[in-house]
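Each remark here refers to the structure printed beneath this line.
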Amino acid sequence: MLRWIRQQLGFDPPHQSDTRTVYVANRFPEHGHYIPQRFADNRIISSKYTIWNFVPKNLFEQFRRIANFYFLVIFLVQLMIDTPTSPVTSGLPLFFVITVTAIKQGYEDWLRHKADNEVNGAPVFVVRSGSLVQTRSKNIRVGDIVRVAKDETFPADLALLSSDRGDGTCHITTASLDGETNLKTHYSVAETAVCQSVSQLESLQAVVECQQPEADLYRFVGRITVTQHGEEIVRPLGPENLLLRGARLKNTKEIFGVAVYTGMESKMALNYKCKSQKRSAVEKSMNTFLIIYLGILLFEAVLSTILKYAWQAEDKWDEPFYNQKTEQERNSSPILKFISDFLAFLVLYNFIIPISLYVTVEMQKFLGSFFIGWDLDLYHEESDQKAQVNTSDLNEELGQVEYVFTDKTGTLTENEMHFRECSINGTKYREVNGKLVPEGMTDDTPDGSTPHLIGEELLFLKAVSLCHTVQISYDQPDCPVGGGDPFSHANGFSSNHMEYYASSPDEKALVEATKRIGVTFTRSSGDTMEIKTFGKSEKYKLLHVLEFDSDRRRMSVILQTPSGGQVLFSKGAESAILPFTTSGEIEKTRLHVDEFALKGLRTLVVACRHFSPEEYIDVDRHLNAARTALQQREERLQEAFSYIERDLHLLGATGVEDKLQDKVQETIEALRLAGIKVWVLTGDKHETAVSVSLSCGHFHRTMNILELLQQRSDNECAEQLRRLARRIKEDHVIQHGLVVDGASLSLALREHEKLFMEVCKNCSAVLCCRMAPLQKAKVVRLFKTSPEKPITLAIGDGANDVSMIQEAHVGIGIMGKEGRQAVRNSDYAIARFKFLAKLLLVHGHFYYIRIATLVQYFFYKNVCFITPQFLYQFFCLFSQQTLYDSVYLTLYNICFTSLPILVYSLFEQLVHPHVLQNKPGLYRDISKNSLLSFRTFLYWTLLGFCHAFIFFFGSYILMGEDTTLMGNGQMFGNWTFGTLVFTVMVITVTLKLALETHFWTWMNHFVTWGSIAFYFIFSLFYGGIIWPFLHTQDMYFVFVHLLSSGSAWFAIIIIVITCLFPDVVKKIFYRHLQPTGTQKSQHGPPS
Amino acid sequence: MGKVKGKSGPLARRPDNSAFKQQRLPAWSPMLTANTVLPFFYLMALICMLLGVWLLLTVQSTQEIKLDYTEAGTCDVCFEKRKNVSNAAQTCTCTVVFSIKKALKGDVFFYYGLQNFHQNLRRYMDSRDDGQMVVHTASHLRKTQMVSPLPPCGAVANSIFNDSFTLTYHGSSGPSIPVPLLRKGITWYTDKNVKYRNPKNDNMTLAQVFEGTARPLYWQKPVYELDPLDPTNNGFINDDLIVWMREAAFPNFKKLYGVLYRDSQPFTKGLPAGNYTINISYNFPVQYFRGRKEVVLTTLTWFGGQNHFLPVAYLVTSCLILLVAILLTVAWWKFGKNGKRMEE
């Protein structure tokens, strides 16, 4: 895939070396062995077309569609052989359809061009010929030295040369690339780090050699060769030296970097994924219907051809004296004639395939999707975010969802951690107004009183404020970071310029909490950390960080205290710390932790260990040995960590609350009433997940909660599953909830998929905890591909939800705190979970009904259209005479009947939105694609055939027998007959839609009556002129004469009534005898 | 779509609170329930019933006489004669006798009818060229002759129906009186005056204009001599030609031949009862396609000929509507007037 993209983009010629050589500042070596290389420029191209290739490329794309290609073939057949209708009849609608689609795609591409131009035209500063030059982003070439200032994004992939800090480091955040919001430190090599000014850079002689571009964000291999005083120094470059395009510079005033990958070769651009083409259930049934209609078409054509030859077996029908053939016709070969007859019938009946269906559906989706973004109810005021539609192809799928897979953190919860309670040395505390209040005491101490913290509490707070990997960003733009007095601005707690960045929101919440209480983490630079306890600053030397990993589920720091001792602070899940503690109030703390978890708080346990100098030397040795080990470094590190993190002294525990989002409970309840099963998939631990599930209404107190946890072996897992299945059967009255953890899930999925599915389907709520991102996607896929093929929806906010969002039928991103990754990969993005209810129950319902009726109606109206033409063949000896005039054939689909259905499909509301939202059960009415079931399809098709028979034979009985219809005795001809049928048809088809319409806005009135009026006016106009370039004047004054006949009027009225009356009766009887929930709720007070 | 300008501040992206964007446009939501529809059903049934009865009465007042003359009377001789193509040039006349029991009152229309003649074949119809009929200058006509040297060209014109009729009334007393037929006004006004035009040339007669053109294969007379009685009725604007050129939709059709001229006794009130004979100049062969030829005499109402379709359709529809309406009313009574089942 990647290779393909690169070859497409044209920069992966087969014989190219594996590395690229970048001459910094494009100073090429003077002596000759320089091979010029071609690199892409720094233009980002997300657009598909250019002005020059738009027409051919767009046409090619469009004719790859089977329906368009079909009409193209019909058009070519009409051009080549003698067919009953002129090529215009299919050429013009095809042209219309292609043009409308092209305009839409052109508009979308224009928007992309505009966005591209904005990016490509952004001003950047480049070092050129010894000075800083401002230029546009697109002009950056590989080898240019680029200057990036604070809070700017990098315009290309840069190898960091120097920053304004002495050590040549800088901080960046890659939120827009991978969703991680924490600050990351990047380094430059020492030889270039000194070049902090333009003039110094000017004298820099360096060459970067690195691999060819590849998409992996975390891989970069290269080296830099710096020539200093005539000798070449070679330094390795890794991902920590590379600043990726799209990342943002933080906390650093400015940096210089040399561009190594530009434009479409940058890692960000290589990560542009072609959006996975998701197709909705409606589209799939639409294609099935099209194939059925193709079958009908072929059948009609073959039947007509055969009948034609059966009829022509007798000479007197084949060639009556008044209609003799030419010599050429007589002599052509029978097979050729047969084929050309078949093709002619194909052309005659081809309109049964609704040509404008695709374009109307596309327009409907494109225009209709605006309503989501416009909806005030989906607008979140606090964050000023409105709903966002990334693909309009799936609108109706929102009305078909059966399973919702939701992330927990950030989706059900705010992902806004608030420190609530803690337990220190066996005593519970709550935080009240920035003070720690022990349990049982009320907050009646006056604000002014000095906080009174005993040693244990202080140690606990210090531990919390030091044991983390939080970075600080100073908001003051000119804050001297590298030198000067870093405390000047922080004095007197004016540290609100300071902002913490943490990879984990828990850590951030904790550090912020200690700051409020009085122990402020103020600075970390290199290996010192500074905290301020009630105004008194203390400097700690950071000796080691024992990083967090998901197996240990804890992290530790080893610090040198100001007094010179070494201490280890450890923080982690209680199951990861408590077993290693030897002193402290272990039992009480354990109780408190459980209490916190029950309240839905996220708990962490803090412990410490003081080292004696000898111990520390030992520890240091262990760690260093492990870190520098060449083999099995991982294992040895683990060993070292567990060697160090033992004999801990328990300090206490923290309880951090992740606030539930607004109205989560109501939303989940509504979804459940709508027949949607909700699954919560979270990485959180079991207890927290369950308590959050309970508090958000996902689990009820009355629910029988089944557990599939910590299964270690296959057999055990199967046994447990069977046990659960039995339990479900035994007590089936109660609702069941299932809790699964990641490890057990992977066991269950590996061997016992069926059994697991069986259990899951019987549970009304399922909670999966400790899930890895790929596991989430796997669960979704499991359901997607299960025999029932339910429609799945995944909703999440973080980068870890992306795989699930992309996997599900509908992916919804929450515009949360964890970057935009999920939003960018989603199909729809909303600001809060609660909006999901309206999105599905109201918008989904509307879109589904609209598009389903649209599709059915299109097939119906084309059956009505072409069947009379088929019937007419029985009366004209299958001579392929058309019933309608060419102009009518052409305009039927694009003028006379196109607008009412489009307006219907944009504005129809069967039920008032409030009712839909208040009665989620209505959602079940449209589940399982019920409006596009084969039965309804058959109903519409048969209805079309019936109506066509009534039009045709009604008119036939009126005119076909030899009566005159005019008071003056003059006779009508075949064109009048065709026009009569056509008139009846246009009126009936339009009124049929009117019968379906439940929501008559002025626009519906306008287009419905307007369409009929337009047909009359157009016909009067078209028939009122001798058209200079036409071969025949068949329609001259035909329409006027038709209308001047009283019989015709009477006939039109009675035929229309006959067609629609049974339909009305059917509707009334169904409504009264078998009303659907939707119909019942239409009776409610409208607003 | 959205207005971006002029908005800033914390709620910059807030969507407009307009009825359109919030899908709150004022709308009329009709519901098809028994309550709303029943009055309409009764009303419709009534109207249809009245219309049906009225139409029926109107249609009953018309009279129609059909006469198949393919082999009737003395025409069997001509029928045999026309079987042989070599006799095509010979003329043949025959007479059919019939009687009218009840006088046809009012305007009487004289039609000729053909059965099994397909004017609706594609090749047949495609061969016409309306452009030729509206040409305005002789030079243009000559130009088009390069393509089609037979004005008027095409199979339609070529196969024109060329029987002609004279109708004679034999009153119970007195001599036989020829029934005067008006052979004008049998075409659409627009056809006669706009669509079909003779090539014009100020100082030439029609014959001169058409000079050098051959007549269509089956024609006995050139186009400029179609009507020997009325010189203005020749060329492309000949009434019979125009009538024929309006192709019938179905293989059994009739075309208007003439209207009774009610100027003189005893025809001022229509055709009186009595015996009639039709003299037929029998030219048109039908046996090749197993066709029949007929003559139709009929009176009309303001909405056309004797057509029972409309009254029957209206009466049947009104009965059906009435039946359904009654059924619905019964159901409505039984299941509660407020639609009890709807509220459950």
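Naming convention: chains lettered A, B, ... in sequence-line order (proteins, then strands); numbering from 1 in each chain.
The closest side-chain heavy-atom distance from B:Leu32 to A:Leu995 is below 4.5 Å. Counting heavy atoms from C-beta outward, B:Arg246 and A:Gln970 have side chains that stay 4.5 Å or more apart. Contact of the A:Met971 side chain with the B:Tyr111 side chain is registered, since non-hydrogen atoms from C-beta on lie closer than 4.5 Å. With a 4.5 Å cut-off on side-chain heavy atoms, B:Arg14 and A:Glu381 count as touching. The shortest distance between side-chain heavy atoms of A:Leu965 and B:Asn307 falls below 4.5 Å. Side-chain atoms of A:Thr1001 and B:Pro26, non-hydrogen and from C-beta on, never get closer than 4.5 Å to each other.
Interface remark: A:His380 contributes no atoms to any contact with chain B (heavy atom separation under 4.5 Å). Contacts between A:Ile1068 and chain B at a heavy-atom distance below 4.5 Å involve backbone atoms as well as side-chain atoms. No part of A:Phe878 comes within reach of chain B, as not one of its non-hydrogen atoms sits under 4.5 angstrom from that chain. Using a 4.5 Å cut-off between heavy atoms, A:Glu382 makes no contact with chain B at all. Using a 4.5 Å cut-off between heavy atoms, A:Asp1034 touches chain B through backbone and side chain atoms alike. In this structure, the portion of A:His1041 lying under 4.5 Å from any heavy atom of chain B is its side chain and not its backbone. Heavy atoms closer than 4.5 Å to chain A are found nowhere in B:Phe40, neither backbone nor side chain. Looking at A:Phe977, the atoms closer than 4.5 Å to chain B (heavy atoms on both sides) all sit in the side chain, from C-beta outward. Looking at A:Thr976, only its side chain comes within 4.5 Å of chain B, counting heavy atoms on both sides. Both the backbone and the side chain of A:Val1038 come within less than 4.5 Å of a heavy atom in chain B. For A:Thr1058, the part lying under 4.5 angstrom from a heavy atom of chain B is the side chain only. Using a 4.5 Å cut-off between heavy atoms, A:Phe1061 contacts chain B through its side chain alone, with no backbone atom that close.
With values rounded to the nearest 0.5 angstrom, B:Tyr314 atom OH is found 4.5 Å from A:Ile1054 atom CD1.
More than 12 heavy atoms of other residues, nucleotides or ligands shown are found within 6.0 angstrom of CZ on B:Phe20. Around the NZ atom of A:Lys1066, the shell of radius 6.0 Å holds more than 12 heavy atoms that belong to other residues, nucleotides or ligands.
Classified by interplanar angle (parallel below 30°, tilted 30° to 60°, perpendicular above 60°), the ring pair A:Trp1000/B:Trp28 is tilted.
Centroid-to-centroid, the aromatic rings of B:Tyr189 and A:Phe1037 stay 6.0 Å apart or farther. You'll find the ring centres of A:Tyr1036 and B:Tyr196 outside the 6.0 Å limit.
Heavy-atom pairs under 4.5 Å with chain A were tallied for B:Leu25, B:Leu300, B:Thr190, B:Leu256; the largest tally goes to B:Thr190. Highest contact tally toward chain B, considering only A:Gly954, A:Gly969, A:Gly973, A:Pro913, is held by A:Gly969 [criterion: heavy-atom pairs under 4.5 Å].
Remark: the backbone N or O of B:Arg122 is paired with a side-chain donor or acceptor of A:Ser879 at under 3.5 angstrom.
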